[in-house]
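Worksheet: the structure to be examined is printed underneath.
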Amino acid sequence: MSGFLAGLCVAALPLLAAGFWLGRRTTRPRSLGGLGTPVEHATFETLHTASLAAPPLRAGLTEETARKSAGRLRTLLGTDALCLTDQDSVLAWEGIGEHHKTQIMDRLAGPLENGRGEAFRLDCVEPDCPVRWAVVAPLTVDDRVHGALVACAPRESAVLVRATGEVARWVSVQLELADLDQSRTRLIEAEIKALRAQISPHFIFNSLAVIASFVRTDPERARELLLEFADFTRYSFRRHGDFTTLADELHAIDHYLTLVRARFGDRLSVTLQIAPEVLPVTLPFLCLQPLVENAVKHGLEGGTGQVDKSHISITAQDAGAEALVVIEDDGPGMDPDWLRRILAGEISPSGGIGLSNVDDRLRQVYGDDYGLVIETALGAGMKITARLPKYQPGVHSAGRLSRE
């Protein structure tokens with residue numbers, strides 16, 4: 001879908017450039033500034049202006065985004081006035097003739113209902129107002145009309161009608177991309193909620209049972225574990241941000257392992273080797289903890305019976321433009337075919353290990369090249385590798401949480 005939208009944007013650019021050039025020829029002449037022919041100059045200005053108009057539109061169609069983009073869109077068309085509307089009102093007006101807002105909204109019922117553009121004459125009692133015609137082009141997302149782009153000019157023009165339609169299609173593409181971004185965000189939030197639901201029940205039960213066992217025999221130890229439990233759950237159930245830092249995720253893992261070691265004692269040993277330079281790296285929230293939980297569960301509880309002892313190693317290395325995180329256990333391992341079916345969603349794993357959830361979220365955020373790499377075999381333990389880009393557009397941490 002995103003490739004098709006990008007192709008549509010590229011295909012529309014020559015028409016936008018032509019409309020821009022013709023529109024600018026009706027206004028004051030400008031120096032080409034050594035950029036070549038008039039068409040080459042118009043293409044450059046079109047690309048530059050479109051690049052400035054796109055970011056606000058990628059946030060959706062609101063009064064604020066319409067206000068920020070309307071001036072750039074008017075420049076693309078070279079018209080006397082331009083407005084953006086939703087289904088009910090004018091969101092932003094750029095240029096002269098703003099007193100036509102009510103008249104234009106009265107005429108938008110048809111285009112907003114049927115999704116077809118039209119041009120019509122504007123009645124005006126002000127003799128000095130040059131705006132006499134309006135060209136309406138609906139803004140659609142998934143065949144639903146969200147609003148309209150209206151270009152106003154002194155006279156009817158077939159070129160303006162076509163150029164307005166092309167600009168409206170380009171705006172619609174930006175709004176559709178915004179809709180996809182919002183859908184992606186909602187999907188990530190839903191998956192985080194699902195992951196929380198998977199992790200929470202058995203972990204909460206086991207942690208509270210361990211804490212309760214120390215209440216009479218070692219109250220200070222029980223208090224310390226209760227604080228660890230509170231910090232971990234506060235992090236796991238926080239309500240803001242899809243992303244966190246590697247430092248914060250490892251801090252939460254430390255709380256988790258403290259509670260796990262209180263339960264298993266000497267049966268579990270953990271080695272951490274973390275490069276300080278990768279601690280600020282941003283990654284999807286609650287992404288590594290399920291991998292550590294998987295290592296604990298299958299290192300100590302996997303196979304046909306209980307394992308006497310298990311060792312888990314967690315390393316985070318600097319790999320140039322990426323951070324390389326490896327979580328490895330020496331447990332009984334897993335049949336690779338069985339693991340493949342789990343990651344493909346064909347089997348629901350018991351115990352809420354969340355491997356497929358983490359793999360899906362990494363691929364959604366960074367692309368298919370950044371899914372989990374899992375090496376395992378029966379009797380050979382399990383090694384999980386996650387590659388994290390140090391920088392990814394749109395990936396920003398919500399900030400570190402402090403103990404209240």
Side-chain angles (χ1 to χ4, degrees), residues 1-20 23 43 45-79 81-95 101 104-105 107-120 134-153 157-186 394:
M1 169 67 86
S2 59
F4 169 76
L5 294 176
L8 183 59
C9 284
V10 172
L13 284 176
L15 288 171
L16 292 179
F20 175 88
T43 301
E45 289 208 30
T46 299
L47 290 170
H48 179 65
T49 305
S51 70
L52 295 175
L57 295 170
R58 288 293 299 272
L61 187 60
T62 65
E63 287 189 11
E64 181 179 3
T65 61
R67 176 178 53 80
K68 290 180 178 180
S69 60
R72 308 294 183 185
L73 298 177
R74 181 187 168 212
T75 300
L76 280 176
L77 290 171
T79 58
L82 178 142
C83 72
L84 289 167
T85 82
D86 58 14
Q87 291 278 359
D88 303 312
S89 62
V90 172
L91 298 176
W93 185 284
E94 180 70 23
K101 289 167 73 171
I104 285 174
M105 286 307 302
R107 295 291 300 269
L108 286 187
L112 291 177
E113 182 177 352
N114 57 40
R116 293 193 295 269
E118 65 177 57
F120 52 83
V135 179
V136 178
L139 304 175
T140 60
V141 177
D142 292 333
D143 297 325
R144 302 190 313 272
V145 179
H146 285 221
L149 183 148
V150 183
C152 301
S157 167
V159 172
L160 180 59
V161 170
R162 186 169 183 183
T164 302
E166 295 301 330
V167 172
R169 290 187 184 93
W170 179 82
V171 172
S172 296
V173 169
Q174 306 309 310
L175 297 179
E176 188 155 349
L177 290 172
D179 191 59
L180 290 174
D181 287 342
Q182 292 170 4
S183 297
R184 168 182 162 274
T185 300
R186 289 193 295 268

How many angstroms lie between OG1 in Thr75 and CG in Leu52, if you round to the nearest 0.5 Å?
-> 9.5 Å
Minimum-distance pair of heavy atoms, taken over all atoms of Leu139 and Ala168 = CD2-O, 3.6 Å
Under the salt bridge (Lys or Arg N to Asp or Glu O under 4.0 Å) criterion, do Glu63 and Arg67 qualify, and how do the steps go?
-> CA-CA 6 Å; Glu63 287 189 11; Arg67 176 178 53 80; over 6 Å; no
Shortest non-hydrogen separation from Ala81 to Arg74 and the atoms involved | N-NE, 4.1 Å
Of the non-hydrogen atoms in His146 and Arg144, which two are nearest, and what is the gap between them?
-> CD2-O, 3.2 Å
Which distance, rounded to the nearest 0.5 Å, do you find between the CG of Leu175 and the OG1 of Thr65?
-> 7.5 Å
State, to 0.1 Å, how close Ser69 and Ala53 come at their nearest heavy-atom pair, and which atoms those are.
-> CB-O, 3.9 Å
Output for pair (Leu84 CG, Leu91 CG), nearest 0.5 Å, gives 7.0 Å
Minimal non-hydrogen separation, Ala119 against Val161, with atom names = CB-CG2, 4.3 Å
Interatomic distance, Leu61 atom CG to Gln87 atom CD [nearest 0.5 angstrom] | 10.0 Å
Taking atom CG of Leu160 and atom OG1 of Thr79, what is their separation to the nearest 0.5 Å?
-> 6.5 Å
In Val90, Val136, Asp88, the residue satisfying side-chain contact (heavy atoms from CB on, under 4.5 Å) with Leu108 is Val136
Taking Asn114 for the side chain and Arg116 for the main chain, is one N or O donor matched with an acceptor at less than 3.5 Å?
-> yes
Rounded to the nearest 0.5 Å, what separation is found between the CG atom of Leu149 and the CG atom of Leu82?
-> 4.5 Å
If you take all heavy atoms of Gly165 and Ala137, which pair is closest and at what distance?
-> CA-CB, 4.1 Å
